[in-house]
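Have a look at the structure below, then the notes.
Indexing begins at 1, ligand by ligand and atom by atom, following the structure's order. This is a predicted model, so every value here is computed, not measured.
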Amino acid sequence: MKDIVRDGDPVLRQEAADVQFPLSAEDQQLAKDLMEYLVVSQDPEQCKKYGLRAGVGLAAPQVGVSKKMASVLVPPTEEDGESPFTDVIINPVIISESVQAGALTEGEGCLSVDKDVPGFVPRHDRITLRYYDVNGEKHQLRLKNYPAIVCQHEIDHLHGILFYDHINKDQPFTRDDDMVMID
Ligand SMILES: O=CN(O)C[C@@H](CC1CCCC1)C(=O)N1NCCC[C@H]1C(=O)Nc1ccccn1
Ligand code: NI
């Protein structure tokens with residue numbers, strides 16, 4: 001398990017570099033490591049065994065690598081359902097986004113930010129995401145609600161943005177009346 005870099009390390013505030021295709025052996029291993037972290041951390045047994053914080057996404061800068069790559073593993077909503085979105089997203093770009101905002105009712109955290117930062121993190125409720133997978137295949141898909149929030153959180157990391165950058169300093173729990181609140 002790679003160590004997770006904490007807030008304060010400049011790598012978390014850099015614009016990450018585009019990934020070149022075909023993937024080098026090193027980048028293939030990075031993709032594996034990023035997804036393995038999520039799989040292991042979401043398994044209660046292994047999560048405890050390795051003392052990990054369960055995660056639904058992990059961006060390369062969080063393991064000290066300033067490259068445009070992140071893993072996303074959105075847990076199934078009901079028992080043994082299928083994950084709404086699971087992939088390693090490479091050179092991701094949000095090509096369109098809803099005007100309507102969405103935010104997690106519980107606010108957000110980050111594996112690279114040890115402190116709790118209360119407040120709504122206003123994002124787009126729906127996005128159209130374009131990315132390349134580890135095989136260099138291009139994907140374009142529409143995501144909404146929780147999967148869309150997770151992807152926006154990860155893509156922010158690739159641009160040196162952390163979740164609390166979006167929280168309103170004066171009124172952390174402000175919300176516009178048509179903001180979708182996501183549980
Ligand atoms: O950049 C990536 N990160 O910083 C890991 C973050 C990514 C999520 C934060 C908000 C949207 C994406 C992450 O996963 N968390 N944030 C801190 C501790 C909790 C953990 C989490 O939400 N865990 C979880 C949630 C549901 C089911 C299972 N586990
Ligand atoms: Ni994060």
Side-chain angles (χ1 to χ4, degrees), residues 1-16 30-31 33-90 92 94 97 101-127 129 131 143-167 172-173 179-183:
M1 288 305 137
K2 285 178 171 269
D3 283 336
I4 297 210
V5 156
R6 292 305 198 278
D7 193 3
D9 187 313
V11 74
L12 291 171
R13 290 303 189 176
Q14 283 168 8
E15 176 74 19
L30 175 62
D33 292 344
L34 290 174
M35 183 53 77
E36 188 194 12
Y37 180 93
L38 301 183
V39 171
V40 169
S41 80
Q42 287 187 25
D43 172 326
E45 287 296 303
Q46 300 206 56
C47 185
K48 205 163 55 231
K49 181 176 163 193
Y50 291 105
L52 304 176
R53 284 176 83 187
V56 296
L58 189 63
Q62 295 183 274
V63 293
V65 178
S66 193
K67 289 186 177 177
K68 284 196 159 70
M69 185 189 292
S71 56
V72 176
L73 176 51
V74 179
T77 36
E78 71 282 333
E79 267 311 294
D80 64 32
E82 68 173 44
S83 162
F85 185 66
T86 296
D87 213 348
V88 175
I89 59 176
I90 300 171
I94 294 174
E97 56 205 15
L104 299 187
T105 313
E106 308 291 312
E108 295 187 14
C110 182
L111 294 178
S112 295
V113 178
D114 291 328
K115 63 182 182 192
D116 272 344
V117 186
F120 294 141
V121 179
R123 296 187 184 279
H124 301 286
D125 182 50
R126 297 173 298 287
I127 60 171
L129 170 66
Y131 70 91
L143 294 169
K144 68 176 180 168
N145 300 336
Y146 190 65
I149 299 293
V150 176
C151 286
Q152 290 173 80
H153 178 110
E154 301 316 324
I155 292 169
D156 266 357
H157 273 303
L158 308 182
H159 298 286
I161 298 166
L162 295 175
F163 75 94
Y164 58 77
D165 299 344
H166 298 289
I167 297 174
F173 289 96
M179 183 155 90
V180 177
M181 300 313 295
I182 301 158
D183 291 320

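- Nearest to atom 9 (C) of ligand 1 by heavy atom, out of S41, G109, G57, is G109.
- Around the Ni ion (ligand 2), the protein N, O or S atoms found under 2.8 Å comprise C110 SG, H153 NE2, H157 NE2.
- In Q42, neither the side chain nor the backbone holds a heavy atom less than 4.0 Å from any atom of ligand 1.
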Original post:
Stepwise, does the side chain to side chain contact (heavy atoms under 4.5 Å, CB included) test hold for E108 with R123?
Top reply: CA-CA 11 Å; E108 295 187 14; R123 296 187 184 279; 2.7 Å; yes

**OP:** Please step through side chain to side chain contact (heavy atoms under 4.5 Å, CB included) for the pair I4 and Y37, ending with a clear verdict.
**Re:** CA-CA 10 Å; I4 297 210; Y37 180 93; 3.9 Å; yes

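- At the shortest separation from atom 8 (C) of ligand 1 among protein heavy atoms lies V56 CG2, 3.7 Å.
- The Y146 neighbourhood of ligand 1 comprises atoms 25 (C), 26 (C), with distances under 4.0 Å to a heavy atom of that residue.
- Residues H166 and D156 have side chains in contact (heavy-atom distance under 4.5 Å, counting atoms from C-beta outward).
- Counted within 6.0 Å of CD on E78, heavy atoms from surrounding residues, nucleotides or ligands total more than 12; the atom is thus considered enclosed.
- By the 4.5 Å heavy-atom criterion applied to side chains, H157 and C110 are counted as neighbours.
- In terms of polar-atom proximity, defined here as any N/O pair under 3.5 Å, Q62 does make such a contact with ligand 1.
- The distance criterion of under 3.5 Å between nitrogen or oxygen atoms is not met by L104 with respect to ligand 1.
- In this structure, the separation between CZ on F173 and OG1 on T105 is 10.5 Å, given to the nearest 0.5 Å.
- Shown in contact with R53 at under 4.0 Å from a heavy atom are these atoms of ligand 1, numbered in order with element: 17 (C), 18 (C).
- Looking at S83, its side chain never comes within 3.5 Å of a backbone N or O of L73 through a donor-acceptor pair.
- Between Q14 and P61, every side-chain heavy-atom pair lies at or beyond the 4.5 Å cut-off.
- Other residues, nucleotides and ligands contribute over 12 non-hydrogen atoms within 6.0 Å of the CD atom of Q46.
- Heavy-atom proximity to C110, at under 4.0 Å, picks out these atoms of ligand 1: 4 (O), 16 (N), 17 (C).
- In this structure, M69 and E154 have side chains that are not in contact, with every pair of non-hydrogen atoms separated by 4.5 Å or more.
- The N/O atoms of A59, backbone and side chain alike, include none that comes under 3.5 Å of an N/O atom in ligand 1.
- For ligand 1, the polar-atom distance check against H157 finds a nitrogen or oxygen pair separated by under 3.5 Å.
- Residues A59 and L158 come closest through the heavy atom pair CB-CD2, 4.1 Å.
- At a heavy-atom distance under 4.0 Å, only side-chain atoms of P75, from C-beta outward, approach ligand 1.
- Considering A54, C47, G55 only, the shortest heavy-atom separation from atom 19 (C) of ligand 1 involves A54.
- At a heavy-atom distance under 4.0 Å, no atom of Y37 approaches ligand 1.
- Using a 4.5 Å heavy-atom cutoff, the side chains of D87 and V72 are not in contact.
- Using 4.0 Å as the threshold, F163 has no heavy atom nearer than that to any atom of ligand 1.
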Subject >> Candidate pair V63 and L30, rule side chain to side chain contact (heavy atoms under 4.5 Å, CB included), full reasoning >> reply: CA-CA 9 Å; V63 293; L30 175 62; 4.0 Å; yes

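- Considering both main-chain and side-chain atoms, E154 comes within under 3.5 Å of ligand 1 through a nitrogen or oxygen pair.
- To the nearest 0.5 Å, the span separating NZ on K49 from CG on D43 amounts to 9.5 Å.
- Shortest contact from atom 4 (O) of ligand 1 to any protein heavy atom: L111 N, 2.9 Å.
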